[in-house]
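The block underneath contains the structure these notes are about, expressed in structure tokens.
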2 protein chains.
Amino acid sequence: MEKQTITIYDVAREANVSMATVSRVVNGNPNVKPATRKKVLEVIDKLDYRPNAVARGLASKKTTTVGVIIPDVTNMFFSSLARGIDDVATMYKYNIILANSDENSQKEVQVLNTLLAKQVDGLIYMGNDISDSIRQEFSRSKTPIVLAGSVDPDEQVGSVNIDYVAAVEAATTQLINSGSKQVALVTGQLAQPINGQYRLKGYKQALQKAGLPYDESLVFESETSYHAGLALFAQLQKAGATAAVVGDDEVAVGILDGALDAGVKVPDDFEIITSNNTKLTEMARPQLTSIDQPLYDIGAVAMRLLTKMMNKEDIDAKTIRLGFDITTRKSTR
Amino acid sequence: MEKQTITIYDVAREANVSMATVSRVVNGNPNVKPATRKKVLEVIDKLDYRPNAVARGLASKKTTTVGVIIPDVTNMFFSSLARGIDDVATMYKYNIILANSDENSQKEVQVLNTLLAKQVDGLIYMGNDISDSIRQEFSRSKTPIVLAGSVDPDEQVGSVNIDYVAAVEAATTQLINSGSKQVALVTGQLAQPINGQYRLKGYKQALQKAGLPYDESLVFESETSYHAGLALFAQLQKAGATAAVVGDDEVAVGILDGALDAGVKVPDDFEIITSNNTKLTEMARPQLTSIDQPLYDIGAVAMRLLTKMMNKEDIDAKTIRLGFDITTRKSTR
DNA sequence: AAAATTCAGTAAAACGCTTGCATTGCTGAT
DNA sequence: ATCAGCAATGCAAGCGTTTTACTGAATTTT
């Protein structure tokens with residue numbers, strides 16, 4: 001009752017050829033006579049032979065596996081990206097090792113290392129922040145890496161994202177134009193480039209172009225959760241905000257529900273534009289107006305870029321910026 | 001400018017020991033003199049040596065990797081399970097290869113095979129249905145498999161779930177007791193055991209115990225999507241339903257919004273109990289009453305069970321049934 | 001018809017590690 | 001001293017592929 005795996009060697013013997021020949025037909029190498037190929041394929045089928053990918057990986061130094069570091073699969077924003085990644089990966093015959101990091105830089109480094117130990121051919125990193133420790137690991141490794149839905153100010157690695165500055169500026173402007181003069185910005189930690197350097201910048205630009213003063217008390221750092229948003233509405237109200245540009249859909253739904261629970265009418269008395277256009281925006285009532293990042297595409301394009309890098313093809317640009325829209329629904333006037 | 005990976009051999013030479021000894025310290029084998037261990041560790045550190053997991057896998061026939069087949073990461077129900085799986089996997093030093101199947105049995109078989117080719121030590125399968133083709137592959141393979149959040153009527157493989165019959169019965173009963181006499185059941189394809197054999201059974205039992213007749217026109221097969229739910233409400237209304245037990249949260253939110261959009265008051269004129277208690281239930285307004293399956297735990301326990309199987313420990317029971325609750329919110333009276 | 005070229009296939013060396021078995025020192029008991 | 005017993009190490013045989021030479025035969029060129 002042994003494992004009794006059949007190896008390439010068994011196939012070779014049974015087909016009266018050498019293992020090299022079997023290897024060739026398995027790998028589609030053309031240097032095999034059709035008759036031989038046919039015979040080998042028959043034997044493979046008969047023996048139900050399945051090449052051992054681990055041995056293959058050792059010999060060829062390719063695992064056809066890529067590592068994916070994700071803050072939390074449970075967050076729609078990231079899972080949408082992940083879905084795009086996986087689909088393209090599958091298309092190119094790669095598999096994905098998925099690891100949750102909780103945006104904890106220690107976990108990230110740790111996970112990154114086990115991924116590299118597993119000899120992944122490439123890596124996709126998601127997360128709002130690129131801590132110094134992880135950045136250091138990045139530059140130390142020769143494995144191709146691309147960021148999905150995140151920004152690398154240093155452009156050390158590949159990345160796919162949208163123009164966050166422009167997006168937030170557009171959203172803010174739309175709110176200002178509809179008559180809301182007290183527009184708040186709700187985002188993640190300002191220390192993270194995507195929030196502090198990009199979103200905040202877009203927000204300020206919009207204010208400036210509208211000739212409005214920048215008021216720090218209208219900028220809110222929030223955790224990425226529904227409950228955080230729910231609790232935040234009171235503060236928003238206290239600060240006199242009449243509208244908000246929100247960085248995360250869950251938080252936005254929280255704010256919306258907070259408003260509703262407080263008897264504030266949306267969009268009549270309070271307007272909201274959120275940022276990720278996940279399914280949540282449609283599920284909420286009223287439905288949420290949102291910056292429309294092509295989440296699935298960001299993931300897909302990131303993976304596609306990675307395949308090119310793994311293939312050592314020439315890359316036009318390490319950083320790919322996808323377009324965005326604003327999908328107007330019912331949380332704005 | 002070669003890859004120039006440092007191998008166990010380099011470490012051995014540098015530390016003046018054999019590779020076997022290095023291997024021992026790397027693997028925490030106690031048969032090493034502390035002094036030697038220390039020296040080896042120093043060299044490892046100095047050379048920045050990182051064991052090649054692929055080679056390790058080939059030699060030891062263990063990859064410390066498990067395959068996870070998931071219908072769609074983007075669905076909260078499954079991503080919640082996945083999160084539980086990943087967390088305990090990490091805890092036990094396993095990594096996860098995640099593959100989306102879209103519940104397409106052809107894709108499932110295909111994915112299963114590449115996973116096995118990659119020599120995963122175990123497999124977790126999620127999905128409502130276990131097609132014959134996949135079941136066949138299951139029984140053919142010696143790799144431990146466990147189902148998470150799904151039911152295997154044949155108990156061929158391990159599985160972790162809740163008692164769906166009892167859960168739906170309880171939900172239906174609660175609805176009946178609150179005065180709703182026309183309770184509908186909205187679920188996935190009845191051809192799938194979890195829906196047809198379990199949920200429907202629970203539904204019928206509740207009716208029967210309440211002395212109500214079973215009316216086929218109150219049972220709805222629905223796709224698993226928000227939009228399907230949204231569209232379904234009209235039919236529900238036409239069929240005269242005054243309440244519904246729904247099998248999926250997205251669908252439930254759809255029905256809820258459908259009702260709201262049609263000006264029907266929930267819960268006054270229509271009650272809803274959904275099944276998965278994902279975050280969505282809290283985000284909806286009114287918040288949804290739900291069967292409370294411990295999603296994260298189901299995933300976690302499934303993975304734990306799998307570790308035991310991979311470890312060839314004795315298992316008390318292949319099938320683990322977790323408890324459930326009904327969390328009452330605002331979509332019921 | 002000899003030489004050059006292509007084609008199919010073979011043999012065997014990696015790939016980087018684990019592990020069973022053998023070996024070497026020691027230690028304490030005889 | 002001698003030796004059993006044990007701890008600490010080394011040796012080398014795999015693990016299942018890919019891949020690099022290399023060989024002989026068949027085909028083409030000159």
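Just so it is clear: chains get the letters A, B, ... in the order the sequence lines come, proteins before strands, and each one is counted from 1.
Note: CE (A:Met19) to P (C:dT10) measures 12 Å, nearest angstrom. The CG-C1' distance, from B:Asn29 to C:dT19, rounds to 10 Å in whole Å. When rounded to the nearest whole Å, the span between CG of B:Asn31 and P of C:dC21 equals 15 Å. To the nearest angstrom, C1' of D:dT18 lies 17 Å from OH of A:Tyr9. When rounded to the nearest whole Å, the span between CD1 of A:Ile44 and C1' of D:dG16 equals 14 Å. Atoms CD1 (B:Ile8) and C1' (C:dC17) sit 6 Å apart, rounded to a whole Å. Computed from coordinates, the A:Leu58 CG to C:dT18 C1' distance equals 12 Å when rounded to whole Å. The separation between A:Ile6 atom CD1 and D:dC15 atom C1' is 16 Å, rounded to whole Å.
Scanning atom types as modelled, no donor and acceptor separated by under 3.5 angstrom connect the side chain of A:Arg50 and the base of D:dG16.
For A:Ser18, the listed nucleotide lying nearest its side chain is C:dA11; candidates were C:dC17, C:dA11, D:dG10. Nearest nucleotide to the side chain of B:Arg24, out of D:dT17, D:dA8, C:dG20: C:dG20. Of all nucleotides listed (C:dA8, D:dT18, C:dG16), D:dT18 comes nearest to the side chain of A:Asn27. Of the candidates D:dT18, C:dG16, D:dC15, the closest approach to any side-chain atom of A:Arg56 belongs to D:dT18. Proximity note for B:Thr36 (side chain, C-beta onward) versus D:dG10, D:dA8, D:dT17: the nearest is D:dA8. With D:dT17, C:dA12, C:dG9 as the choices, the nucleotide that has an atom nearest any side-chain atom of A:Ala20 turns out to be C:dA12. Distance from the side chain of A:Ala59 is smallest to D:dT17 among C:dG16, D:dT17, C:dT19.
Contact check, B:Tyr49 against C:dC17: a side-chain N or O comes under 4.0 Å of OP1 or OP2. Not one side-chain nitrogen or oxygen of A:Ser60 sits closer than 4.0 Å to the OP1 or OP2 atom of D:dT19. Phosphate proximity of D:dT18 to A:Lys62: absent, as no side-chain N or O sits under 4.0 Å from OP1 or OP2. Proximity of B:Lys33 to the phosphate of C:dG25: no side-chain N or O atom is located under 4.0 Å from OP1 or OP2.
For B:Arg24 and B:Asn31, the side-chain atoms include no donor-acceptor pair closer than 3.5 Å. A:Glu313 and A:Asn311 share a donor-acceptor pair across their side chains, judged by distance under 3.5 Å alone.
Here the options are A:Asn27, A:Thr63, A:Thr64, the test is side chain to side chain donor-acceptor pair (under 3.5 Å), and the partner is A:Arg56; only A:Asn27 passes.
Mapped onto DNA chain D by nearest heavy atom, A:Val54 and B:Val22 fall at different nucleotides, with B:Val22 at the one closer to the 5' end.
The closest donor-acceptor contact from the side chain of A:Ser150 to the backbone of A:Gly127 lies under 3.5 Å. A donor-acceptor pair under 3.5 Å is formed between the side chain of A:Ser80 and the backbone N or O of A:Met76.
Residue-level contact check: B:Asn52 touches the backbone only, with heavy atoms under 4.0 Å from sugar-phosphate atoms and none from bases. Counting non-hydrogen atoms under 4.0 angstrom, A:Thr21 reaches a base of the nucleic acid. Looking at heavy-atom distances under 4.0 Å, A:Ser23 makes contact with a base.
With respect to the salt-bridge test (charged N to carboxylate O, under 4.0 angstrom), the residues A:Asp152 and A:Arg135 qualify.
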